[in-house]
Amino acid sequence: MKQVLHITSSPRGESSVSKKLGKAVVEKITDKYPDSIIKKRDLTDPVFPHLEEIQINAFFTPAENRTPEQLETVALSDTVIRELQEADIIIIEAPLYNFSITSTLKSWLDHIARVGVTFRYGENGPEGLIKDKKVYLAFSSGGIYSEGEKQAYDFVVPYLKKTLGFMGMTDIAVVRAEGLSVPVIQETALQKGIESIVVE
């Protein structure tokens, strides 16, 4: 049995290609592992909050010393970290918005990247603490960013790989639906992305 965490970050509705691609990843996972348990975290409904000073201060306060207000304000962060810890497979829908990730996905990352919880510093440098996970990035974009000069403008995949890897999630597969605004290519972009999905 696989515990699957499915992260949605596009503010668009059912027309969102990253959502369609992410859904296809889920379907292929459940085809291979029929008894999978799917946990969905939609970062747009309700909108995932940005960090504020009270949360940052609470993160750096030992749990036993936190005020009731601080305990309340770190509850969401604790919850989404626990979701990561419990998952065997993580699917992150990541559309390219202005060459980068959505603000809601960035907020989620800010809530899960916590020293002493999801990573730590030791004698040999930083060590990720969220290990033994398989991550699928469902990437969508209007242009083609996997090759040529436009690769330099893709700050989605490199950023997510580095950030997730810093926390110990290094087994990352990327599936792409790209060229969605390119004539002719756009007609088959999603299907090509779906066909590229390989579930291990």
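Taking a 6.0 Å sphere around CD of Glu72, one finds it holds 12 or fewer heavy atoms contributed by other residues, nucleotides or ligands. Annotation: Glu64, atom CD; neighbour count of heavy atoms from other residues, nucleotides and ligands within 6.0 Å is above 12. In this structure, Lys192 places its NZ atom where only 12 or fewer heavy-atom neighbours from other residues, nucleotides or ligands lie under 6.0 Å away.
Between Asp154 and Arg176 there is a side-chain heavy-atom pair separated by less than 4.5 Å. Here the side chains of Val156 and Phe139 are in contact, with some heavy-atom distance below 4.5 Å. Looking at heavy atoms from C-beta onward, Ile92 lies out of side-chain contact with Ser9 at the 4.5 angstrom threshold. Proximity of Lys133 to Ile89: side-chain heavy atoms (C-beta onward) are nowhere separated by under 4.5 Å. Using a 4.5 Å heavy-atom threshold, the side chains of Leu96 and Ile101 count as separate. Using a 4.5 Å cut-off on side-chain heavy atoms (C-beta onward), Leu180 and Ser140 make contact. Put simply, the side chain of Leu137 does not reach to within 4.5 Å of the side chain of Val175, judged on heavy atoms. With contacts defined as side-chain heavy-atom distances shorter than 4.5 Å, the pair Gln3/Met1 qualifies.
Distance alone, capped at 3.5 Å, is enough to place a donor-acceptor pair between the Ser107 side chain and the Ser103 backbone. A distance-only check finds a donor-acceptor pair linking the side chain of His111 to the backbone of Pro49 [under 3.5 Å]. Thr30 contributes a side-chain N or O that, together with a main-chain N or O of Glu27, makes up a donor-acceptor pair within less than 3.5 Å. Counting only distance, with no hydrogens or angles, the side chain of Lys32 and the backbone of Val199 share a donor-acceptor pair below 3.5 Å.
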Problem set entry | Test side chain to side chain contact (heavy atoms under 4.5 Å, CB included) applied to Tyr97 and Ser10, step by step | CA-CA 9 Å; Tyr97 275 35; Ser10 172; 3.7 Å; yes
For this session: Test Asp88 against Lys2 for salt bridge (charged side-chain N to carboxylate O under 4.0 Å, His left out), laying out the working first.
Result: CA-CA 6 Å; Asp88 301 300; Lys2 298 291 185 181; 5.6 Å; no
For this session: Assess whether side chain to side chain contact (heavy atoms under 4.5 Å, CB included) is satisfied between Thr118 and Ile81, documenting all intermediate values.
Result: CA-CA 8 Å; Thr118 56; Ile81 289 173; 3.9 Å; yes
Problem set entry | side chain to side chain contact (heavy atoms under 4.5 Å, CB included) evaluation trace for Lys134 with Glu200 | CA-CA 9 Å; Lys134 179 66 182 184; Glu200 299 175 359; 3.4 Å; yes
Problem set entry | side chain to side chain contact (heavy atoms under 4.5 Å, CB included) between Val157 and Ile172, intermediate numbers included | CA-CA 10 Å; Val157 173; Ile172 300 174; over 6 Å; no
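Taken to the nearest 0.5 Å, the CG atom of Asp45 stands 11.5 Å off from the OG1 atom of Thr104. In this structure, OG1 in Thr73 is found 7.5 Å from CD in Glu52, a value given to the nearest 0.5 Å. Here the CD atom belonging to Glu83 is positioned 6.5 Å from the CD1 atom belonging to Ile7, to the nearest 0.5 angstrom. Annotation: the span from Asp42 atom CG to His6 atom NE2 amounts to 9.0 Å, rounded to 0.5 Å. How far CG of Asp132 is from CD of Gln85: 12.5 Å, rounded to the nearest 0.5 Å. Interatomic distance, Phe60 CZ to Asn65 CG, rounded to the nearest 0.5 Å: 15.5 Å.
No path of Ile, Leu, Val, Met, Phe, Trp and Tyr side chains, each step under 4.5 Å between heavy atoms, connects Val25 with Val174, placing them in separate hydrophobic clusters. Under a hydrophobic-cluster definition in which Ile, Leu, Val, Met, Phe, Trp and Tyr are linked whenever side-chain heavy atoms come within less than 4.5 Å, directly or via other members, Val115 and Leu129 are assigned to different clusters. Grouping the Ile, Leu, Val, Met, Phe, Trp and Tyr side chains by contacts below 4.5 angstrom, directly or via other members, places Ile38 apart from Leu84. Cluster annotation: Ile112 is not connected to Ile91 through the hydrophobic network of ILVMFWY side chains, with a link wherever side-chain heavy atoms come within less than 4.5 Å. Under the 4.5 Å side-chain heavy-atom criterion for Ile, Leu, Val, Met, Phe, Trp and Tyr, Val26 and Ile90 are members of distinct hydrophobic clusters.
Minimum heavy-atom separation, Arg114 to Phe59: NE-CD2, 3.5 Å. Of all the heavy atoms in Val4 and Ser36, the pair that sits closest is CG2-CB, 4.1 Å. Between Leu105 and Leu43, the shortest heavy-atom distance links the atoms CA-CD1, 3.8 Å. Annotation for His50 and Gln55: closest pair O-OE1, 3.5 Å, computed over non-hydrogen atoms. Closest heavy-atom contact between Gly193 and Leu21: C-CD1, 3.8 Å. Between Ala94 and Ser18 the shortest heavy-atom distance is N-CB, 4.4 Å.
Between Gln191 and Glu195, the side chains place a donor N or O and an acceptor N or O closer than 3.5 Å (distance only, hydrogens not considered). Between the side chains of Ser100 and Asn98, not a single donor N or O lies within less than 3.5 Å of an accepting N or O.
Taking the ring centroids of Phe119 and Tyr121, they lie under the 6.0 Å cut-off.
Under the 4.0 Å criterion applied to side-chain N and carboxylate O atoms, Glu93 and Lys19 are not assigned as salt-bridge partners. Salt bridge Lys106/Asp110: present, at least one basic N to carboxylate O contact under 4.0 Å.
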